[in-house]
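Below is one structure, written out as structure tokens; the observations come after it.
Chain letters run A, B, ... following the sequence lines, proteins first and then strands; every chain starts at 1.
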Protein chains: 2
Amino acid sequence: MNLQQKKTSAPDTTVLEKLRASGLRPTRQRLALAKLLFGRGHCHVTAEGLFNEAKQTHVNVSLATVYNALHDFTAKGLLREISVDSSSSYFDTNTDDHHHFFFEGTGELQDIPPDSVRIAALPEAPGGSAISRVDVIIRVRD
Amino acid sequence: MNLQQKKTSAPDTTVLEKLRASGLRPTRQRLALAKLLFGRGHCHVTAEGLFNEAKQTHVNVSLATVYNALHDFTAKGLLREISVDSSSSYFDTNTDDHHHFFFEGTGELQDIPPDSVRIAALPEAPGGSAISRVDVIIRVRD
DNA sequence: CAAGTTGATTAGAATTTTTCTAAACTGCGA
DNA sequence: TCGCAGTTTAGAAAAATTCTAATCAACTTG
């Protein structure tokens, strides 16, 4: 047995625990997708993009399942959904409070550290309703 | 002749001029849609929503034409496109610099006057690229 | 520990949203 | 007025997303 293989299996346990902790059943499909999403540094994916990655890794899931998983993960707070572009929505593995650059040419997203944008004077939400999130997207030509 | 009818025809001229000034041909379809969009106070519409309004006003246009018109108007700076929701994009007749409340329950948008949000410390765009726009969306539960 | 029960999950099918492109139209010059 | 060139429309196609019936997985119960 090769040590290289052992190395890659270590984060799988973390991913499994992550699913268990969220209350989602760790099915074959979800585990495989979660491994792709969380088994590396933070990233921004689209459903189509993750679906293609899955295919390349010989993980057999339907596109509908990818959508289901992304939405389930988002509902459990494992991902954050971002709408910047009418073409498709992005899912961010970084769920901490932060903002984004959007490169209009390539359609790519990049995180902005939370303290490099400061919002002074937030308005009151109308009708006394609660603010659930503030999204700042800085669009950049490239 | 009724004075009431005269009243509603006055803004049509403005709408016609608006189209002419932008360089878009004032076709029957565009005029009808522009009248719906600009013949009243600022509003936020979806393609589907505008299409339904058109039908109710007995304006015969296809949904594809509504999309074409909305995108053409946006390209000429008559509208601003906003992505908040993966379900569909919104078009805002207010093209001045301003931000939005998004009511997650009803899916409605509301303008925030520009000076009630102040952004201190905007980060440098990476690679020296130019910032084309900064969008702030405050999501509200309702 | 096998079988049944219940609720969660998957993925093919359907729907919705958006774009593409051939046909129709418009304005212009001959 | 006629024909040409570019613009606009809208039916058809594509892309994105959701729906739902079939499948599966965890938990009883015998």
Side-chain angles (χ1 to χ4, degrees), chain A residues 15-37 44-55 58-76 78-79 81-91 104 107 109, chain B residues 15-16 18-37 44-55 57-76 78-79 81-91 104 107 109:
Chain A
V15 164
L16 179 64
E17 279 160 8
K18 202 163 180 154
L19 282 186
R20 284 236 178 83
S22 76
L24 291 169
R25 282 194 196 163
T27 61
R28 181 177 56 74
Q29 290 90 335
R30 281 179 182 158
L31 260 173
L33 294 174
K35 215 156 84 176
L36 287 173
L37 286 168
H44 304 99
V45 301
T46 60
E48 189 71 27
L50 184 58
F51 178 62
N52 287 331
E53 276 192 76
K55 269 201 293 201
H58 306 293
V59 172
N60 258 71
V61 284
S62 75
L63 183 55
T65 298
V66 174
Y67 273 98
N68 287 333
L70 288 172
H71 286 146
D72 294 344
F73 292 173
T74 302
K76 297 297 183 180
L78 268 42
L79 290 176
E81 187 171 1
I82 302 162
S83 296
V84 250
D85 194 348
S86 64
S87 71
S88 64
S89 37
Y90 290 79
F91 294 84
E104 294 175 337
L109 277 175
Chain B
V15 163
L16 179 63
K18 204 164 178 153
L19 282 187
R20 286 238 177 83
S22 76
L24 291 169
R25 280 194 198 164
T27 61
R28 182 177 57 74
Q29 291 91 335
R30 282 181 183 155
L31 259 173
L33 294 173
K35 215 156 86 177
L36 288 173
L37 287 169
H44 304 101
V45 301
T46 62
E48 188 71 27
L50 184 58
F51 178 62
N52 288 331
E53 276 192 76
K55 268 201 292 204
T57 325
H58 306 293
V59 172
N60 259 72
V61 283
S62 75
L63 183 55
T65 298
V66 174
Y67 272 98
N68 286 335
L70 288 172
H71 285 147
D72 293 344
F73 292 174
T74 302
K76 297 297 183 181
L78 268 42
L79 291 175
E81 186 170 2
I82 302 161
S83 296
V84 250
D85 195 350
S86 63
S87 71
S88 63
S89 36
Y90 291 79
F91 294 84
E104 293 174 338
L109 277 175

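A pairwise comparison of heavy atoms in S83(B) and S86(A) identifies OG-N, 3.6 Å as the closest pair. Listed here is the closest heavy atom pair of L63(A) and F51(A): N-CE1, 3.5 Å.
Contact check of residues 63-76 of chain B against DNA chain D (heavy atom, cut-off under 4.0 Å) returns A64(B), T65(B), N68(B). A heavy-atom distance below 4.0 Å to DNA chain C is reached by these residues of residues 82-90 of chain B, ordered by number: S87(B), S88(B), S89(B).
By the salt bridge (Lys or Arg N to Asp or Glu O under 4.0 Å) test, E53(A) is found to be paired with R40(A), residues two or more places apart in sequence or in another chain being considered. Every residue two or more places apart in sequence or in another chain that forms a side chain to side chain donor-acceptor pair (under 3.5 Å) with S62(A) is listed here: T65(A). Scanning for side chain to side chain donor-acceptor pair (under 3.5 Å) contacts around E104(B) gives S132(A), with sequence neighbours left out. Remark: A32(A) pairs with V59(A) by the side chain to side chain contact (heavy atoms under 4.5 Å, CB included) rule, at least two apart or across chains. Partners of F91(A) according to the ring pair (Phe, Tyr, Trp, His ring centres under 6.0 Å) rule, which considers only residues two or more places apart in sequence or in another chain, are H71(A). With sequence neighbours excluded, the residues forming a side chain to side chain contact (heavy atoms under 4.5 Å, CB included) with N52(B) are E48(B), K55(B), listed by chain and number.
Computed from coordinates, the R28(A) CZ to dA8(C) C1' distance equals 16 Å when rounded to whole Å. Distance L31(B) CG to dT26(C) C1': 14 Å, rounded to the nearest Å. In this structure, L50(A) atom CG and dA11(C) atom P are separated by 13 Å, rounded to whole Å. The CG atom of L33(A) sits 14 Å away from the P atom of dT9(C) (whole-angstrom rounding). Residue E48(B) contributes atom CD, which lies 15 Å from atom C1' of dT18(D) at whole-angstrom precision. Rounded to an integer number of Å, the gap from R30(A) CZ to dT10(C) C1' is 9 Å. For the pair F51(B) CZ and dT16(C) P, the computed distance is 13 Å after rounding to whole Å.
Screening residues 81-91 of chain A for salt bridge (charged side-chain N to carboxylate O under 4.0 Å, His left out), with sequence neighbours left out, gives no hits.
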Side chains of residues 22-29 of chain B: which donor-acceptor pairs under 3.5 Å do they make with residues two or more places apart or in other chains?
unit_1 : atom_1 : unit_2 : atom_2 : d
S22(B) : OG     : L19(B) : O      : 2.7
S22(B) : OG     : L24(B) : N      : 3.3
T27(B) : OG1    : R30(B) : N      : 3.3

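For Q29(A), a side-chain nitrogen or oxygen approaches OP1 or OP2 of dA11(C) to under 4.0 Å.
The 5' end of DNA chain C is approached more closely, in terms of each residue's nearest nucleotide, by P26(A) than by the other of P26(A) and A47(B).
Paired with L33(B) under the rule side-chain contact (heavy atoms from CB on, under 4.5 Å), one option of N68(B), D72(B), L50(B), L70(B) passes, and it is L50(B).
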Which atoms of nucleotides 5-7 of chain C (N or O only) lie under 3.5 Å from a protein N or O atom, and what are those distances?
unit_1 : atom_1 : unit_2 : atom_2 : d
dG7(C) : N2     : R25(A) : NH1    : 3.4

